[in-house]
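Following: one structure in structure tokens, then a few remarks.
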Protein chains: 2
Amino acid sequence: MSHMLAETERRTSKIRAVDVLRQYAIAPTQQRVEIAQLLLSKPQHVTAEQVMAMVNVDRPRVSKATVYNTLGLFARKGLVKEVIVDPTKIFYDSNIDSHYHFYCITTGQLWDVGAETVQLRGLPPPPEGAVVDSVDVIIRLRPIAPPPETDEVV
Amino acid sequence: MSHMLAETERRTSKIRAVDVLRQYAIAPTQQRVEIAQLLLSKPQHVTAEQVMAMVNVDRPRVSKATVYNTLGLFARKGLVKEVIVDPTKIFYDSNIDSHYHFYCITTGQLWDVGAETVQLRGLPPPPEGAVVDSVDVIIRLRPIAPPPETDEVV
DNA sequence: ATTGGTGCAAAGGATTTGCAGTCTA
DNA sequence: TAGACTGCAAATCCTTTGCACCAAT
């Protein structure tokens, strides 16, 4: 983030963000619009901490509590998708098209894997009384030649 | 846990547990054997909290720190698999055969989905410099006719 | 003796919550 | 003005860590 970009380039327009929030039945408050603009600017995976930092770059705009509450709300409403790959934090994915993920267990990086080319078949039907909410596919990656672990050899 | 079961029925034999630990290059201390016996008794998904409760039913045997350290060690060594489906806790899976999971987002229940019948194809190759560590498939379930949320409408 | 393992309590980190002040319809 | 939202700080919850004691080689 070393260079300045015009607001209109760096972020989704305020108008559009308000519009999208309304579509998802979310009251467009100032803070929610700020966060939505960031998220909707492009497909990305961000943590609450990152949103907190991004939205408050130049000056305080949104408090930590509101960032957490807002991301939770967005996820419940379907504006973004939670990605559960790391037990220590939640990623929020602004790409809500059906897709899967590469996740590097060493660096914590996340990449999208488009669902178009992937064939996932033969899944058993859900247990009685339940319906499928979503299907996650996470391909966990490891760098080649991993650094020697604290594990010993037999 | 209202009925008593003989130790030999409820748990994997101590001999076998020691043996398995050795196979995984884990020094078989008393505490690790206790935990391994529980885990290996059957395919199951347990949290650290549950292990803590199970292993200490009749009398204190293993401390909380040791339960956490031991489960982490077992996972690193490959004796059990961590299942990351809930951002608030880790499940440890004593079934290390290739398989996938149903996860009820309402009740937190986990079921195994055998990998035999599932066809997962067309995955793109991993990014340069990385190799696939594992592939998780999580089918998130929701009870039919979910209870009304605390969400507001515009 | 040395090394590793355990237990306790304290620390840590992400997320949630209580509550008073603020905004908006 | 009422109902909703925000911000701050305190509280929670799961997990990790520091460190002294214990165990096994």
Side-chain angles (χ1 to χ4, degrees), chain A residues 14 17-18 21-22 24-36 45-56 59-77 79-80 82-92 105 108 110 149-154, chain B residues 17-18 21-22 24-36 45-56 59-77 79-80 82-92 105 108 149-154:
Chain A
K14 178 177 286 191
V18 169
L21 289 178
R22 291 228 171 86
Y24 282 85
I26 299 168
T29 68
Q30 203 171 288
Q31 293 81 178
R32 290 170 182 175
V33 171
E34 288 284 347
I35 295 174
H45 310 101
V46 290
T47 63
E49 188 186 20
Q50 291 174 318
V51 170
M52 184 69 185
M54 291 165 77
V55 82
N56 294 316
R59 61 193 175 83
R61 287 174 219 260
V62 189
S63 72
K64 183 182 286 193
T66 298
V67 167
Y68 276 98
N69 290 335
T70 299
L71 290 174
L73 176 66
F74 284 7
R76 263 181 289 125
K77 291 293 194 175
L79 214 200
V80 299
E82 290 184 343
V83 183
I84 312 295
V85 286
D86 177 333
T88 75
K89 56 176 157 309
I90 300 174
F91 286 92
Y92 291 90
I105 59 179
L110 261 184
E149 280 283 347
T150 55
D151 298 348
E152 68 276 12
V153 181
V154 177
Chain B
V18 169
L21 289 178
R22 291 228 172 86
Y24 282 84
I26 299 168
T29 68
Q30 203 170 288
Q31 294 82 178
R32 290 170 180 174
V33 172
E34 289 284 348
I35 295 174
H45 310 101
V46 290
T47 63
E49 187 186 21
Q50 291 175 317
V51 170
M52 184 70 185
M54 292 166 78
V55 81
N56 294 317
R59 60 193 176 81
R61 286 173 219 262
V62 189
S63 72
K64 183 181 286 192
T66 297
V67 167
Y68 276 97
N69 289 335
T70 300
L71 290 174
L73 176 66
F74 285 6
R76 261 182 290 124
K77 292 293 195 176
L79 215 199
V80 299
E82 290 184 345
V83 183
I84 313 294
V85 287
D86 176 333
T88 73
K89 57 177 159 310
I90 299 173
F91 286 92
Y92 291 91
I105 60 180
E149 281 283 348
T150 56
D151 296 349
E152 69 279 7
V153 181
V154 173

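Letters go in sequence order (proteins before strands), and every chain restarts at 1.
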Can you check the [X] [atom1] to [N] [atom2] distance for me, whole Å?
| X | N | atom1 | atom2 | value |
| --- | --- | --- | --- | --- |
| B:Arg76 | C:dG5 | CZ | P | 10 Å |
| B:Met52 | C:dT6 | CE | C1' | 12 Å |
| B:Lys89 | C:dT15 | NZ | P | 15 Å |
| B:Glu34 | C:dT6 | CD | P | 12 Å |
| A:Leu73 | D:dT6 | CG | P | 9 Å |
| B:Gln50 | D:dC13 | CD | P | 17 Å |
| A:Ile90 | D:dC14 | CD1 | C1' | 13 Å |
| A:Arg22 | C:dT24 | CZ | P | 13 Å |

A:Thr66 OG1 to A:Arg61 CZ distance, which is reported to the nearest 0.5 Å: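 Answer for the OG1-CZ pair, A:Thr66 versus A:Arg61, is 14.5 Å.
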Value rounded to 0.5 Å, distance of OH in A:Tyr24 from CG in A:Leu79: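 That separation rounds to 5.5 Å.
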Check whether any side-chain heavy atom of A:Tyr92 lies under 4.5 Å from a side-chain heavy atom of A:Glu82, and answer yes or no.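 Sidechains of A:Glu82 and A:Tyr92: in contact.
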Please examine the side chains of A:Val62 and A:Thr70, heavy atoms only from C-beta on, and report whether any two atoms are closer than 4.5 Å.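 No, every pair of side-chain atoms sits at 4.5 Å or beyond.
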Atom pairs under 3.5 Å: protein N/O with N/O of nucleotides 7-11 of chain D:
{"from": "D:dG7", "atom 1": "OP1", "to": "A:Arg61", "atom 2": "O", "distance (Å)": "3.1"}
{"from": "D:dG7", "atom 1": "OP2", "to": "A:Ser63", "atom 2": "N", "distance (Å)": "2.9"}
{"from": "D:dG7", "atom 1": "OP2", "to": "A:Ser63", "atom 2": "OG", "distance (Å)": "3.0"}
{"from": "D:dG7", "atom 1": "OP2", "to": "A:Thr66", "atom 2": "OG1", "distance (Å)": "2.7"}
{"from": "D:dG7", "atom 1": "O5'", "to": "A:Ser63", "atom 2": "OG", "distance (Å)": "3.4"}

For residues 46-53 of chain A, which side-chain donor-acceptor pairs fall under 3.5 Å, sequence neighbours excluded?
{"from": "A:Thr47", "atom 1": "OG1", "to": "A:Gln50", "atom 2": "N", "distance (Å)": "3.1"}
{"from": "A:Gln50", "atom 1": "OE1", "to": "A:Thr47", "atom 2": "N", "distance (Å)": "2.8"}

Can you sort out the partners of [X] under side-chain contact (heavy atoms from CB on, under 4.5 Å), two or more places apart, ordered by chain and number?
| X | answer |
| --- | --- |
| B:Thr88 | B:Asp86 |
| A:Gln30 | none |
| A:Pro87 | B:Ile84, B:Ile90 |
| A:Thr29 | A:Gln31, A:Arg32 |

OP1 or OP2 of C:dT6 less than 4.0 angstrom from a side-chain nitrogen or oxygen of B:Thr29, does that happen here?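 Answer yes for this pair, as a side-chain N or O of B:Thr29 is under 4.0 Å from OP1 or OP2.
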Side-chain N or O of B:Tyr68 closer than 4.0 Å to phosphate OP1/OP2 of D:dT16: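 Negative; the distance criterion is not met.
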Which listed nucleotide (D:dC14, C:dG5, C:dT15) is nearest to the side chain of B:Arg32?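 The nucleotide sitting nearest to the side chain is C:dG5.
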Atom pairs under 3.5 Å: protein N/O with N/O of nucleotides 22-25 of chain D:
none

